[in-house]
Participant: 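Before I ask anything, here is the structure I am working with.
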Amino acid sequence: MATRTSTRSDRLAAYRAKRDFEVTPEPAGRPSPEDGQRFVVQRHRASRLHYDLRLEADGVLISWAVPKGPTLDPKARRLAVHVEDHPVDYYDFEGVIPAGEYGGGDVIVWDWGTWSTDETSFDLAAAVEAGDVHVDLHGQKLAGRFVLVRRDDKDGGKEQWLLLHKDDDHAEPGWDPEEHPLSVKSGRTNDEVAAAPLELPTWEPPTDDELAALADLGREGTWTFQGRELRVTNLDKVLYPGRDGEPDVTKREVIAYHAAVAPWMLPYLHGRPVNLHRLPGGSEKKGFWQKAHPDHAPDWMARWRYEDADPDETQWYTVIDSPPALAWTANHGGAVEIHPWTSTAEHPHQPTWALIDLDPGEETDWDDVVVLAKLHRTALEHLDVSGAAKVTGKRGIQIWIPVADGYTFDDTRAWVERLSRMIGQTVPDLVSWEWEKARRKGRARLDYTQNAINKTLVVPFGARPASGAPVSVPIEWDELDDPDLRPDRWTIRTVLERLASVGDPLRSLIGRQQRLPEL
Ligand code: MN
């Protein structure tokens, strides 16, 4: 039996020494007391693309970096550089290691499964020490007998090994790992993970039968939607007058809309507390802000405790995390406006968006708003910053800019203020920096103050209290050049058709780890 150069407790020392766990999302991990026999291969686009092959043994993941990737081709001999042991928690790690950190780049779980051998009492860690490892892999892409052989010990450097596949039943001449680019964990490519490392669940819209059941209810009743029993009331009540001679919008229609738009709206609500602007009497009556999670909400509605709230502030907030929860909120709220927090419940002091609110004054006409939006478009393009414009459903335009984890609201507010003041200087007759509306002389305000905890803007696809139930809709930048663009162009009756044809240009920016450049 080979002598171990390391014991279970210190096997991860090299791993930890290379990483700052305040910065990287990788797990700090500890050696596991269990001896599992899993394997994982991660496709890692660091300074150079490579595949990390990891075999679970001795409470850790024994690891090699394989520049060209493992293959089923029995003729191939692949270089495999032996690297530091990783914690078993690394097994399903998929995400983005920040630039400048060790291994900075994107990682997907390219393949996973278990390993086995024919021997009854096989010690994999000892085989690695001896420089000769023969294992069968049972993955979704890789299968059959793989051999790892140590070639030499480079002076002071990392050990170079060879990785090959035996010519067995699973061998496939010419098999190329790059032709199998999807994550076995999420179905995503490295590009997709890099663009949005946040993994979002997917949500289903209501079925035709479910919508028909809602349509068939009387003035009130119990609607079964995705397994939830929803008590729905005042279904024929008019919440919004019709627009341009169209029929009025009833509460039944508003509930049906929120159920149907759930797959598009929930990505912006998921994991976040919400503030509701409720207009139970309809869009023409005065509304009120409700932050507190309602006492009578059903148990399956998620709620979140704001630990940092002052005693006289709201303690419990609603988190809308499913299509039935969204439908319940519509029934509860009336002509409701849903405003998610800019931060998540998990990290309430870290914004995920930097927000620019082009807030028109009484003298600002739509063309002025578009001019301001185009100036921001040019500035962001010049700065190479990704963001998307969103018409508000009322008179204005907002610009949503995704930011990396770790920013504070002070950071995003200061950055947006600096950007907006630079832009405002170019059109001084359009923009006022006065706080009080009366002193703005009807000019627009570039409102950076929304970048603060518990300050909110209306959710994408949220309805606004006006005739026809217009909705706030993210747009492509070049739609600013469309003479037919209006801030309230789409309503709850037309936006689903737009989504079906052009989709949501903001969606791919959700969770994007974007650093804001110095201004
Ligand atoms: Mn790597």
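Small disclaimer: the values here were computed from a predicted structure and weren't measured. Atoms within a ligand are numbered from 1 in the order they appear, just like the ligands themselves.
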Participant: With respect to the Mn ion (ligand 1), what is the nearest N, O or S atom of His44?
Facilitator: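 Of the nitrogen, oxygen and sulfur atoms in His44, the Mn ion (ligand 1) lies nearest to ND1.
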
Participant: Check step by step if side chain to side chain donor-acceptor pair (under 3.5 Å) holds for Arg272 and Thr352.
Facilitator: CA-CA 11 Å; Arg272 296 165 193 271; Thr352 62; 2.9 Å; yes

Participant: Measure from the Mn ion (ligand 1) to every N/O/S atom of Asp52 and report the name of the nearest one.
Facilitator: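 Restricting Asp52 to its N, O and S atoms, the minimum distance to the Mn ion (ligand 1) goes to OD2.
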
Participant: Could you tell me whether Arg145 and Asp118 have a side-chain N and a carboxylate O separated by less than 4.0 Å?
Facilitator: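 Salt bridge flag = yes for Asp118 with Arg145.
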
Participant: Please name the atom of His50, restricted to N, O or S, that is closest to the Mn ion (ligand 1).
Facilitator: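 Restricting His50 to its N, O and S atoms, the minimum distance to the Mn ion (ligand 1) goes to NE2.
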
Participant: Between Glu178 and Arg43 (salt bridge meaning N to carboxylate O under 4.0 Å), is one present in this structure?
Facilitator: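 A salt bridge is present here (some side-chain N lies under 4.0 Å from a carboxylate O).
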
Participant: Please check if the distance between the ring centroids of His165 and Phe146 is under 6.0 Å.
Facilitator: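 Yes, the ring of His165 comes within the 6.0 Å limit of the ring of Phe146, centre to centre.
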
